[in-house]
Every structure is written in structure tokens, then in C-alpha cells.
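Presented below is the structure to which this report refers.
Note that the coordinates shown come from a computational prediction; the quantities given were computed from them, not determined experimentally. For this chain, numbers begin at 1 and follow the sequence in order.
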Amino acid sequence: NMSSSKANHCNYQLKDGSYCQEEPLQQGGYCFWHDPTIDKTNPEVKEALERQVMAGKSLEGYALSYADLEGANLVEADLSYADLSHANLKKSHLYHSNLSGANLLKADLSSANLNRANLIQANLLGAHLFEAKLEQTKWGKRLVQEDLALSAQKANDQENATDYYEQAEELYRELRQEYELRGQFETAGFFFYREMIMRRNQLSCFSLKRLLSKAVDILCGYGEKPLRLILFAIIFIFGNALLYSLLGVEGKNGIIDLQMHIGIKENITRLLECVYLSILTFTTMSFGDIVPIGASRVIAAIEALVGTFTIALFLVLFVKRMTR
């Protein structure tokens with residue numbers, strides 16, 4: 001975002017490629033707002049910033065580190081990519097503000113109004129969000145630390161990748177706890193899911209813990225995606241039914257299996273009978289009208305075991321979600 005241009009404008013280059021049109025200072029070539037070396041802790045900075053917002057000016061990339069902006073009226077302000085690290089934003093009004101890509105490292109956002117604010121790719125490491133308003137706040141699919149971890153992993157820099165995953169896990173956990181305190185459990189569930197993925201990614205690639213964690217993710221999304229469990233049950237039941245029909249089971253009128261010479265209609269009927277057996281076995285019920293024989297008994301034993309576990313897990317997830 002820096003340029004060596006000597007034109008009569010600030011050297012800060014905006015994301016759209018244009019330059020800030022504020023008058024540059026002699027030293028450094030940046031305007032007052034974009035110069036990171038200028039102390040912004042003066043209380044007058046807040047009033048000047050509010051005037052900029054009221055005038056409809058963009059505050060993109062403003063260097064406001066350690067600025068005292070407590071109670072500032074920054075409603076719908078464009079603070080994208082601004083440096084607000086260590087800034088005091090207690091009780092500030094940031095409704096519908098654009099803070100995408102902003103650096104909020106250890107910023108104090110206690111009791112701030114962040115309803116509908118855009119915080120996509122903002123650095124929130126160490127930020128204080130105690131009693132902040134977070135209704136319909138935009139976080140994006142991933143926090144910036146997670147993206148940095150993925151980039152480091154692609155570059156085979158496992159040490160930095162692990163460090164970023166730890167940071168991302170910490171942030172997801174803090175956001176989950178904040179939303180749980182507010183009773184917004186759906187959003188809290190999303191952050192819990194990301195938190196668990198970050199924890200898994202810190203484990204050795206082929207360790208048993210990581211493989212088990214991945215299996216739980218695939219099966220039910222760490223409890224946040226119960227529909228996955230239902231889909232697994234359906235696939236498992238029909239898969240076993242197909243095995244029963246190939247290996248053969250015993251019915252009241254003899255062996256039930258698929259055969260080439262009996263026609264499609266009869267084979268479909270037999271397959272449905274095997275589906276019936278598979279459902280009963282999965283739910284650990286039995287009427288005795290169809291029973292597994294030979295190798296089918298091994299399949300039936302495994303299905304009954306998996307079915308018992310799956311149903312118990314589904315009940316736990318159902319109760320968990322209903323009692324939120």
C-alpha cells in the first residue's frame with residue numbers, strides 16, 4: 001500500500017489503486033491520518049475523525065494505533081485496513097462500519113456497538129469484546145489467522161502454520177464464548193466447529209487423534225451438523241442391504257439374494273427385503289422373519305454395533321441442540 005510518488009498527495013495507495021488526496025506532510029510523504037509515526041492519542045483526534053465520517057470520507061488505512069476513541073460515533077465508517085491496534089474503542093458506535101482487513105490487535109472494543117459491522121479478515125488477536133453488541137456482525141468463512149496458517153502450510157512452514165492455528169483456535173474459542181453469553185447459539189456453534197478444526201490441524205498428520213477427530217467431523221461436524229449423521233445412517237443401511245442381497249439371507253420362503261435369471265422386478269423385491277432387514281438390524285430390532293446366514297452374520301453384527309452407537313450419538317446431539 002506504499003508508494004514513492006512525489007505528487008502533491010499522500011503516498012498511501014488505496015485498494016482501488018488511487019492515492020489518498022489528503023495533503024502530505026513534509027516528512028515521509030504521508031498525510032496526518034496515514035502517517036504511522038504520528039501520535040494519535042490526543043483526544044482531539046476522536047473529534048476530527050468523527051467530522052471525517054460525517055463528511056462521508058473514507059478512513060481506509062488510517063494509522064490509529066493507540067488512539068483514544070472511547071465513545072466515538074463512527075457509524076457506517078469505512079475503516080477497512082485501518083491500524084487500530086491497541087486503540088481504545090470502548091462504547092464506540094461502529095454500527096454497519098467496514099472494518100474488513102483492519103488491524104484490531106489488542107484493541108478494546110468493550111461495550112462497542114458492532115451490530116452489522118464487517119469484520120471479515122480483521123485481525124482480532126487479543127481484542128476485548130466484553131459486552132460488545134455483535135448482532136449480524138460479518139466474520140466471513142475464516143478468520144485471517146486461519147488463512148495465514150493455510151498459506152504457511154502450503155509453503156511447508158509447519159512451525160508458523162502451527163502458531164497461526166493456535167491463534168485461530170484461541171480467537172474462535174473467544175468468539176464462541178461471547179456468542180454463548182448472548183444466547184446466540186447458532187453462531188456460537190459455527191465458531192465451535194472452526195475451533196475444533198483448528199485444534200485438529202495442530203496434530204500430526206497421521207496421528208490417531210487427528211484421524212479420530214476427522215472421523216467425528218465427517219460423521220457429525222463435531223455435533224454441529226447432525227444431518228451428516230442421518231445421511232451416514234441412510235448410506236450405511238442401504239450399503240449393508242446391498243451386501244445382504246449379494247451374500248444372501250434366509251427368509252420364510254428360502255434364501256433371499258440377487259440372481260441374474262429371475263428378472264428385475266423380483267430382484268428389486270428381494271433388495272427391498274434386504275433393506276427391511278438392514279433397518280431392523282441397524283436399530284437392533286428383529287422379528288425373525290428374515291435372518292442373516294453365513295458371511296451375512298458378520299455384516300449384521302457390525303451393523304448392529306454401528307447402529308447402536310449412531311442412534312445413541314444422534315440422541316445426544318438432539319438433546320444438546322434442543323436444550324440450548
Check whether the side chains of S65 and S85 place a donor and an acceptor atom closer than 3.5 Å, and report yes or no.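 Side-chain D/A pair, S65 to S85: present.
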In terms of relative ring orientation, are [X] and [Y] parallel, tilted or perpendicular, with 30° and 60° separating the classes?
{"X": "Y62", "Y": "W33", "value": "parallel"}
{"X": "Y19", "Y": "H9", "value": "parallel"}
{"X": "Y12", "Y": "H34", "value": "parallel"}
{"X": "Y193", "Y": "Y222", "value": "tilted"}

If you count the non-hydrogen atoms of other residues, nucleotides and ligands that lie under 6.0 Å from CZ in F236, is the total more than 12? yes
K133, NZ atom: more than 12 neighbouring heavy atoms under 6.0 Å: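 Check fails, neighbour count at 12 or below.
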Shortest non-hydrogen separation from [X] to [Y] and the atoms involved:
{"X": "C10", "Y": "Y30", "result": "SG-CA, 3.8 Å"}
{"X": "V249", "Y": "I290", "result": "CG2-CG2, 3.7 Å"}
{"X": "A77", "Y": "V53", "result": "CB-CG2, 3.8 Å"}
{"X": "L280", "Y": "T283", "result": "O-OG1, 3.2 Å"}
{"X": "R297", "Y": "P292", "result": "CG-O, 3.5 Å"}
{"X": "L64", "Y": "A87", "result": "O-CB, 3.9 Å"}

Charged N-O contact under 4.0 Å between [X] and [Y]:
{"X": "R228", "Y": "D217", "result": "yes"}
{"X": "R270", "Y": "E266", "result": "yes"}
{"X": "R176", "Y": "E195", "result": "yes"}

Please check if [X] and [Y] belong to a single hydrophobic cluster, counting links between Ile, Leu, Val, Met, Phe, Trp and Tyr side chain heavy atoms closer than 4.5 Å.
{"X": "L271", "Y": "V291", "value": "no"}
{"X": "I256", "Y": "Y244", "value": "yes"}
{"X": "L148", "Y": "Y81", "value": "no"}
{"X": "F314", "Y": "F309", "value": "yes"}

In the structure I gave you, are the side-chain heavy atoms of [X] and [Y] within less than 4.5 Å of one another anywhere?
{"X": "I264", "Y": "I268", "result": "yes"}
{"X": "Y66", "Y": "D83", "result": "no"}
{"X": "K57", "Y": "Q21", "result": "no"}
{"X": "E174", "Y": "L129", "result": "no"}

With rounding to the nearest 0.5 angstrom, report the [atom1] to [atom2] distance, [X] to [Y].
{"X": "D163", "Y": "Q158", "atom1": "CG", "atom2": "CD", "answer": "11.5 Å"}
{"X": "L25", "Y": "N11", "atom1": "CG", "atom2": "CG", "answer": "10.5 Å"}
{"X": "Y95", "Y": "N113", "atom1": "OH", "atom2": "CG", "answer": "8.5 Å"}
{"X": "E70", "Y": "D108", "atom1": "CD", "atom2": "CG", "answer": "8.0 Å"}
{"X": "F238", "Y": "L243", "atom1": "CZ", "atom2": "CG", "answer": "13.5 Å"}

Looking at F130, is K90 sitting on its ring face, NZ or CZ under 6.0 Å from the six-membered ring centre and within 45 degrees of the normal? no
Donor-acceptor pair, [X] side chain versus [Y] backbone, under 3.5 Å?
{"X": "T308", "Y": "A304", "result": "yes"}
{"X": "D78", "Y": "S80", "result": "yes"}
{"X": "N267", "Y": "G263", "result": "yes"}
{"X": "K40", "Y": "A63", "result": "yes"}
{"X": "E60", "Y": "K15", "result": "yes"}
{"X": "R210", "Y": "L203", "result": "yes"}
{"X": "E146", "Y": "A168", "result": "no"}

May I have the step-by-step check of side chain to side chain contact (heavy atoms under 4.5 Å, CB included) for W139 and Y172, ending in yes or no? CA-CA 11 Å; W139 302 101; Y172 283 128; over 6 Å; no
Test salt bridge (Lys or Arg N to Asp or Glu O under 4.0 Å) applied to R182 - qualifying residues, sequence neighbours left out: E178
With E273 via salt bridge (Lys or Arg N to Asp or Glu O under 4.0 Å) - residues at least two apart: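 Checked E273 against salt bridge (Lys or Arg N to Asp or Glu O under 4.0 Å); zero matches.
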